[in-house]
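The structure appears below as structure tokens.
As the structure is a prediction and not an experimental result, all values here were calculated from the model.
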Amino acid sequence: MAALTDSSVFDEARRLVYAGEAEALASLIDAHPGLATARAAGTAQPYDGYFNAATLLHHVARNPDPPEDAKDDASTAVAVATVLLDRGAEVDATTRAGPSQPNDVTWTALGLVATSSKAREADVQIALMTLLVERGAAVDALNGGALMGALYYGEAAAAAWLHSRGAKVDFVTRAALGLPLDEKTIAIEQSLVHYSTVALPDEALRRDEAHVVAFATAYAAKLGRVDSLEALERRFANTTTTPRGLVFRAPVRHFDHAATPLHWAVQGGHYDAAAWLLSRRADVFAKDSTYDATPREWNKHCKNLDALDGLLALYELPYPDRARRSCIAAVEKSPACKARVDVEGVRGLVDGALADPGTVRDAGAQCFHELNNRPEAADGLVFATVAAEAGYIVLLHALDFAGGWRKELHAARGKGAWETVRPGVTRLYTDFLKGQLTSEALSGVDAAVIERTFDLAALPELASLFADVCADLARGLEETGTDSLETFAMRHKDATAAACTRALVETFPVTFNDTHLLPDGTPVILYKKAQLVVCELLFRFRGRPEADGAFDFADWDALTACVDNVICAVVRKYGAITLEDDLGAAIDEKKPLPSGSADEVSLRAAAMAAVEATVAAVNAKHGNGTGDPPPITSTELGNYFWGFLGKTPENRKYVRHVTKDTVFY
């Protein structure tokens, strides 16, 4: 019998394992019984790293891949593994850490199979794991190495199978598997093996909430578990540990490449998870620490879906343009969108109500004149400085919503939304805040204060929404170290309109991050209130000597329409959009459209796209390419639809959709 130190015997056995020649392997082991437990010698590849000192049973996993010149037949892997186990192979023998990976966690055969794409592609992964466990393999060996490894390498089916066989889970693996996370009794800890190229510097981090939640977020993104991301948001997005949803944007320390969750969603090819993270303000320009690459660059390297590249490219656009492009794309391409632009209807609008585009410009000039003359002065409110007035404008339009409460407001107060909001904000500013727009002052605004200053005692649910916005403003100021809304506004007085829009969305997301997903993951971005703040800052201060050029945004013409239920009603009345029957019926019957629902998001996306189509048609018809007359802009047409067409007696009677659970309009 040849000695096992003779590598040719082991090499022949390994060849038979890969070739799937079970009977020949059985004969060879019968002749050399020690082969069943023998280990590969030396540190030449592939035995220099995690596969060091591997047994023949480890090789069954094909992880790493067989040599290029080897005959490989994975279809008989179960038969080969059975031969080895029948002849004494140790089912839970572990590899050793080789010189190229001295800190590797080491692997059992079960762990290697669970992490093997080759076994999955050959459709033997689950069968091999079943055999190994039936023959005594411990599913929790090496402190959950098989489960953590399967999750790390994206082998979701293998991970789910291990969980079904009783593998222990911790908070991180619960997130990766899509198990419940909301219950407060679930321990926030990383108790299983820390599988990463980055070692934990301190074992105490396993119980540190910020670390564990960040790891859980990375694994949820890596496995495409939108359900887990949503659960993490519900439980942690606005806690002290993970403020303002930062966990969805920040690099994950102590994990590979210090990449963000968005990087990991992209690496796994998970469009839905990437879209969800981007809707929560994930930074499309963030770079990892190893390759200095953005998520989009990772996507190109991984050669993932073209759709993912398009999604990432959309979010690389300036804020107003990404809104415009997202709505047009959703209406034109998404099967989930329930509203479309009607080209004939747009043409009729251009030839009819907009036959003279000068009326649109005149309306804009009138709006400019009214804002320049400070309408709140009629309420006795006079500002001592540009900064004070600018801060007030941020507050005013942060609280500029409640369009869906029109019926209830008229019943309770005899006035509509704007007639409630504007005087309510004035009283809040003067009587309660005493002109102080600091985090401390705004944090004191609760529903009771709103009920008193807005005269909303009869509508406590609406008062709570207003209070939520004030709390968001307070948190945003505190967490960015900004002492007041005045300081925030003046910090952006010389910025672009796009940059100011972005700052509002990033700093006060509850209030201004008007971003949604259709059921198929198509993003719809609107930023209605953020752009409204920017527009009013521009129109308020343009030409006023004391402003000294503040807020004179050179790129203001790139802003879009500020789409609310009035603009939606106008474009529908004039036939510029068509709706699926059930959506049209729901609006006509005044059934509420829940915020973020396919109905509500489709309607607003189509309204935005219709405004863009109408602007293009008007300018094509009346423009001469010289800029004289100047082309109308989306903002101007949106203002015209809202402030003029939408307010004519006939059009005010036209049904508007009702969405009550929103702070965006």
Side chains of Thr633 and Asp557: do they bring a donor and an acceptor to under 3.5 Å? no

Using 4.0 Å as the upper bound for N to carboxylate O, is an ion pair formed by Asp182 and Arg234? yes

Ignoring hydrogens and geometry, is there a side-chain-to-backbone donor-acceptor pair from Arg340 to Thr578 under 3.5 Å? no

Kindly give the heavy-atom pair with the smallest separation between Leu147 and Ala167, and that separation in Å. CD2-CB, 4.3 Å

Tell me, do Phe51 and Gln45 make a side-chain contact under 4.5 Å, heavy atoms counted? no

Determine, step by step, whether Val663 and Asp468 satisfy the side chain to side chain contact (heavy atoms under 4.5 Å, CB included) criterion, reporting the C-alpha distance in whole Å, the side-chain angles of both residues, the deciding distance to 0.1 Å, and the verdict. CA-CA 9 Å; Val663 299; Asp468 289 343; 5.6 Å; no

Could you walk me through whether Leu205 and Gln190 pass side chain to side chain contact (heavy atoms under 4.5 Å, CB included), step by step? CA-CA 8 Å; Leu205 285 171; Gln190 182 188 1; over 6 Å; no

First locate atom CD of Glu316, then atom CG of Leu278, and finally report the distance between them rounded to the nearest 0.5 Å. 10.0 Å

Quick check: do Val284 and Arg296 have side-chain heavy atoms less than 4.5 Å from each other? no

All heavy atoms of Ala114 vs all of Leu162, minimum pair found to be CB-CD1, 4.0 Å

Shortest non-hydrogen contact from Pro594 to Thr659? C-CG2, 4.3 Å

Do the ring centers of Phe255 and Tyr219 come within less than 6.0 Å of each other? yes

For Ser228 against Ala175, the heavy-atom pair lying closest together: OG-O, 2.6 Å

Using the ring of each side chain (for Trp, its six-membered ring), is Trp276 parallel, tilted or perpendicular to Phe248, with breaks at 30° and 60°? perpendicular

Gap separating the CG atom of Asp202 from the CG atom of Asp208, nearest 0.5 angstrom: 9.0 Å

Atom CZ of Arg491 with >12 non-hydrogen neighbours under 6.0 angstrom: yes

Is there a donor-acceptor contact under 3.5 Å from the side chain of Arg96 to the main chain of Thr106? no

Phe215/His254 aromatic ring centres below 6.0 Å: no

Which atoms form the tightest heavy-atom contact between Cys568 and Val563, and what is the distance? SG-CG1, 3.9 Å

Between Arg235 and Leu181, is there a donor-acceptor pair closer than 3.5 Å when you use the side chain of the first and the backbone of the second? yes

So, does Asp140 use its side chain to make a donor-acceptor pair with the main chain of Lys168 at under 3.5 Å? yes

Does a side-chain heavy-atom distance below 4.5 Å link Tyr152 with Thr115? no

To the nearest 0.5 angstrom, please state how far the CZ atom of Arg502 sits from the OH atom of Tyr319. 5.0 Å

Do Phe236 and Thr217 have side chains that get closer than 4.5 Å, going by heavy atoms? no

Salt-bridged, Arg206 to Asp170, with N to O below 4.0 Å? no

Against Thr560, only a single residue in Arg325, Gln531, Glu612 fulfils side chain to side chain donor-acceptor pair (under 3.5 Å); can you say which? Gln531

To the nearest 0.5 Å, what is the distance between CG (Asp520) and SG (Cys337)? 9.0 Å

Thr662 side, atom OG1; Lys529 side, atom NZ - distance, nearest 0.5 Å: 7.5 Å

Phe171 and side chain to side chain contact (heavy atoms under 4.5 Å, CB included): which single residue from Leu192, Leu179, Val212 fits? Val212

Is a side-chain donor or acceptor of Arg324 paired with a backbone partner of Ala558 at a separation under 3.5 angstrom? yes

Quick one: are Asp288 and Trp298 in side-chain contact, heavy atoms under 4.5 Å? yes

Name the one of Val505, Val394, Asp472, Leu504 that satisfies side chain to side chain contact (heavy atoms under 4.5 Å, CB included) with Thr511? Asp472

Interatomic distance, NZ@Lys338 vs CG@Leu603, rounded to 0.5 Å, equals 11.0 Å

Tell me whether the centres of the aromatic rings in His657 and Tyr665 are closer together than 6.0 Å. yes

I'd like to check Tyr18 versus Arg62 (side-chain heavy atoms, cut-off strictly below 4.5 Å). Are they in contact? yes

Side chain Arg322, main chain Leu317, donor-acceptor under 3.5 Å: yes

Is the closest side-chain heavy-atom distance between Arg165 and Thr130 below 4.5 Å? yes

Would you call Arg281 and Glu506 a side-chain contact if the rule is heavy atoms closer than 4.5 Å? yes

Determine yes or no for a side-chain-to-main-chain donor-acceptor pair under 3.5 angstrom, with Glu233 supplying the side chain and Leu229 the backbone. no

Option from His257, His301, His263 for which ring pair (Phe, Tyr, Trp, His ring centres under 6.0 Å) with Tyr291 holds: His257

For the student: nearest non-hydrogen atoms of Ala61 and Ala119, plus distance: O-CB, 4.1 Å

Can the ring centroids of Phe664 and His516 be said to lie less than 6.0 angstrom from one another? yes

Verify whether the ring centers belonging to Tyr527 and His397 lie closer than 6.0 Å. no

Gln101 atom CD, neighbour heavy-atom count above 12 within 6.0 Å: yes

Side chain to side chain contact (heavy atoms under 4.5 Å, CB included) assessment of Phe553 paired with Leu559: CA-CA 10 Å; Phe553 304 118; Leu559 296 170; over 6 Å; no

Strictly distance-based, threshold 3.5 Å: is any side-chain N or O of Lys118 a donor or acceptor partner for the main-chain N or O of Asn63? no

Looking at Thr95 and Tyr50, would you say the former's side chain and the latter's main chain have a donor-acceptor pair under 3.5 Å? yes

Using modelled atom types and a 3.5 Å cut-off, is there a donor and acceptor pairing between side-chain atoms of Ser326 and backbone atoms of Ile525? yes

Flag for Asp256-Thr197: side-chain donor and acceptor within less than 3.5 Å: yes

Which class fits the ring pair Trp107 and Tyr153: parallel under 30°, tilted 30 to 60°, perpendicular over 60°? tilted

Check the pair Leu517 / Asp272 against side chain to side chain contact (heavy atoms under 4.5 Å, CB included), numbers first and verdict last. CA-CA 9 Å; Leu517 297 173; Asp272 288 349; over 6 Å; no

